Amino acid sequence: MRIEVKDLKYVYSPKSPFEKVALDGISFTVNSGDTLGIVGSTGSGKSTLCRHLNALVKLQSGEITVGDIRLNSKRVDLKQLRKNVGMLFQFPEYQLFADTVKKDVEFGPLNFGFSQAEAEEAAKRALELVGLDFDEVASKSPFELSGGQMRRVAIAGVLASRPSVLVLDEPTAGLDPVGKREILELVTALKSGVTDTVIIISHNMDEIAEFCNRVIVLDDGKLIADTTPDELFNRSDIVDRTELDYPHTVKIKRLLAAKGVDLDTPALNAKELTSAILRRVKG
Amino acid sequence: MSMQGKDPENFTIGQNDANGETDCVTDVGTPLIKADGVTYSYRNGEQVSRGVTDVSLSINRGEFVVILGRNGSGKSTLAKLLNGFLVPDEGIVTVRGIDTADDDKIFEVRSVVGMVFQNPDNQMVASVIESDVAFGPENLGVPREEIEERITDALETVGMEKYRKGSPNKLSGGQKQRIAIAAILAMRPEVVILDESTAMLDPKGRREIMDTVLKLKREKGMAVVLITHYMDEAIAADRIHIMNDGGIIASGSPAEVFGNEDAVRRAGLELPVAAKISLDLKKAGLDIGFALTDEELAEEICALK
């Protein structure tokens with residue numbers, strides 16, 4: 001689903017001593033099929049920007065269009081918008097609330113007007129998507145599950161409403177390496193058939209490099225780059241100014257280049273880099 | 001275990017010591033924390049879930065120890081046992097020779113072992129930074145003049161002295177965690193335990209905390225125990241313990257531990273990127289050594305040519 005953001009501006013506590021410009025003249029487009037990364041330091045406006053996409057924050061100035069819904073119009077169909085844009089907040093396992101996993105996951109679909117039977121079917125499918133066995137977990141309390149499982153139940157709760165756009169705010173924060181890998185592989189799997197557009201906020205540049213086809217960089221409320229991961233990590237002016245980091249693969253490639261070993265690869269994941277090194281050394 | 005010294009300043013190791021002799025704390029070889037055969041289970045009515053099982057380890061002065069393992073492997077339980085927040089069901093934990101099960105001495109234990117948690121926002125108690133840092137020593141009954149001195153020292157150590165009169169809620173995540181560390185330092189501990197204290201931070205915040213950790217070790221000779229899911233942070237450790245299912249399954253230097261493929265796989269860890277690539281290159285037939293850091297890998301590759 002296509003998303004267009006034009007000249008978005010947002011000010012917290014306007015006309016008060018605590019006034020703070022959170023977003024300043026942000027414009028970008030997300031195309032159907034994109035996996036867009038949003039990066040920038042804490043407080044740069046990433047979460048505020050994402051909250052606009054399903055109208056959790058009231059638009060102050062600028063234009064946003066999600067699919068064919070214009071957020072500026074007098075009457076916005078909020079239900080339809082929120083069904084289209086599924087949002088997963090930071091540490092979503094803290095938002096589980098129902099006494100069984102089934103009820104928790106069905107809650108969204110029931111609110112979007114699914115019948116009980118449809119909601120149950122949707123819950124079943126969503127739990128399967130995130131790799132949990134419906135019959136095994138349905139009647140359990142979400143609070144009996146492990147951290148990684150709870151996070152997956154929370155994701156299932158968003159997926160159950162079949163959103164076309166999935167917004168993930170630091171989806172892997174606090175997870176162990178296996179949990180991280182599972183969530184990212186899930187996102188990749190969702191892209192083939194379930195949710196065509198994914199937006200990920202992350203502080204982990206290795207993840208951005210490996211999973212996103214596009215990335216935007218926010219710095220103090222301004223959009224300072226809209227590019228591909230490969231190009232971004234070649235722009236040391238931007239990376240250093242925003243005090244981001246480089247993916248390890250890019251760091252290794254640069255160290256090698258400094259020693260006179262140039263590799264013919266963007267080196268966005270370990271596999272690519274390994275093959276490029278082999279080609280260079282053996283060839 | 002009974003304490004042999006009556007004088008609280010003269011902490012002793014006690015009868016568990018192999019030769020039965022009492023060692024003075026100033027003895028460099030004496031571990032600051034010693035856990036011996038420690039088991040702890042959580043009880044909720046009829047339900048019993050195992051936290052840690054038969055864990056033994058020691059933390060020495062000036063040592064940087066990292067604990068790795070998947071969520072639920074017992075890392076945080078172990079951390080809480082090390083500062084007497086939890087008391088073992090079986091086995092014993094001693095801090096400078098004091099049994100953590102000794103209720104009368106718990107304040108001594110906690111003043112030796114400080115703990116910093118994951119969420120910086122949950123650890124602030126005051127609306128002005130210097131009051132936040134003063135909270136610990138005030139509770140320990142430290143005289144006012146000395147508290148001032150401790151605040152200055154602690155804030156200087158974490159590089160936050162100029163924010164002293166400011167409010168914590170305007171700080172970045174990394175800065176808040178540094179204040180949380182300063183608040184612990186003001187109690188003059190000898191060990192700081194950081195329980196996933198970098199998990200919620202951006203790359204800059206993580207770098208700030210790691211720089212602070214290394215500084216505490218280098219300049220203050222403090223011991224630091226870091227629980228983390230970031231393999232990059234583990235590489236800088238003197239010693240790593242890998243936990244799985246409540247027990248320690250491997251211990252050693254970063255090179256030893258990450259070289260232990262079986263333990264890494266069982267504990268669901270991921271190798272640092274450089275280590276993974278060096279192993280893959282070796283499997284592909286190159287005569288290349290094991291690398292942990294990006295720099296080591298680049299050197300190994302250049303040595304091939």
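First the proteins, then the strands, lettered A, B, ... as listed; each starts at 1. Here the structure is a predicted model, which is why all the values come from computation and not from measurement.
- Under 3.5 Å, the side chains of A:His203 and B:Asp202 contain no donor-acceptor pair of N or O atoms.
- Here the CD1 atom belonging to B:Ile301 is positioned 4.5 Å from the CG atom belonging to A:Leu256, to the nearest 0.5 angstrom.
- Between B:His229 atom NE2 and A:Thr172 atom OG1 the span is 10.5 Å, to the nearest 0.5 Å.
- Nearest heavy atom pair, residue A:Ala173 against residue B:Ala199, reads CB-O, 4.2 Å.
- Residues B:Ala274 and A:Ile252 approach most closely at CA-CD1, 4.3 Å, considering heavy atoms.
- In this structure, A:Asp240 places its CG atom where more than 12 heavy-atom neighbours from other residues, nucleotides or ligands lie under 6.0 Å away.
- Of the listed residues (B:Asp280, B:Leu297, B:Leu281), the greatest number of heavy-atom pairs within a distance under 4.5 Å of chain A belongs to B:Leu281.
- Contacts between B:Leu68 and chain A at a heavy-atom distance below 4.5 Å are absent for every atom of the residue.
- Of all heavy-atom pairs spanning A:Leu255 and B:Ala298, the tightest one is CB-CB, 3.7 Å.
- Between B:Glu270 and A:Lys180 there is no side-chain heavy-atom pair separated by less than 4.5 Å.
- In B:Gln47, the CD atom is not crowded: 12 or fewer heavy atoms of neighbouring residues, nucleotides or ligands sit closer than 6.0 Å.
- The 12-atom threshold is exceeded at CG of A:Asp230, counting heavy atoms of other residues, nucleotides or ligands nearer than 6.0 Å.
- Annotation for A:Arg279: atom CZ counts as buried by contact number, over 12 foreign heavy atoms lying within 6.0 Å.
- Within residues 36-51 of chain A, the residues having any heavy atom closer than 4.5 Å to a heavy atom of chain B are A:Ser41, A:Thr42, listed by residue number.
- For A:Lys259 against B:Cys302, the heavy-atom pair with the smallest separation is CD-SG, 3.2 Å.
- Using a distance-only test at 3.5 Å, with no hydrogens or angles considered, no donor-acceptor pair links the side chain of B:Asn71 to the main chain of A:Leu175.
- Around NZ of B:Lys215, the count of heavy atoms belonging to other residues, nucleotides or ligands within 6.0 Å exceeds 12.
- Of the listed residues B:Glu196, B:Arg207, B:Met231, B:Glu295, the one with more heavy-atom pairs under 4.5 angstrom with chain A than any other is B:Arg207.
- With a threshold of 4.5 angstrom between heavy atoms, A:Leu273 approaches chain B through side-chain atoms but not through N, CA, C or O.
- Contacts between B:Glu299 and chain A at a heavy-atom distance below 4.5 Å involve backbone atoms as well as side-chain atoms.
- We find that B:Arg206 and A:Asp245 are not joined by a salt bridge, their nearest charged nitrogen and carboxylate oxygen being 4.0 Å or further apart.
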Point to revise | Worked check of side-chain contact (heavy atoms from CB on, under 4.5 Å) between A:Lys282 and B:Leu286 | key: CA-CA 9 Å; A:Lys282 287 189 168 168; B:Leu286 297 188; 4.1 Å; yes
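- Considering every non-hydrogen atom in both B:Gly268 and A:Pro177, the closest pair reads O-CB, 3.8 Å.
- Contacts between A:Arg181 and chain B at a heavy-atom distance below 4.5 Å involve the side chain alone, from C-beta outward.
- Atom CG of B:Asp238 is surrounded by more than 12 heavy atoms from other residues, nucleotides or ligands within 6.0 Å.
- Side-chain contact between A:His248 and B:Ile277: absent, with no pair of heavy atoms (C-beta onward) separated by less than 4.5 Å.
- Atom CZ of B:Phe85 has 12 or fewer heavy atoms from other residues, nucleotides or ligands within 6.0 Å.
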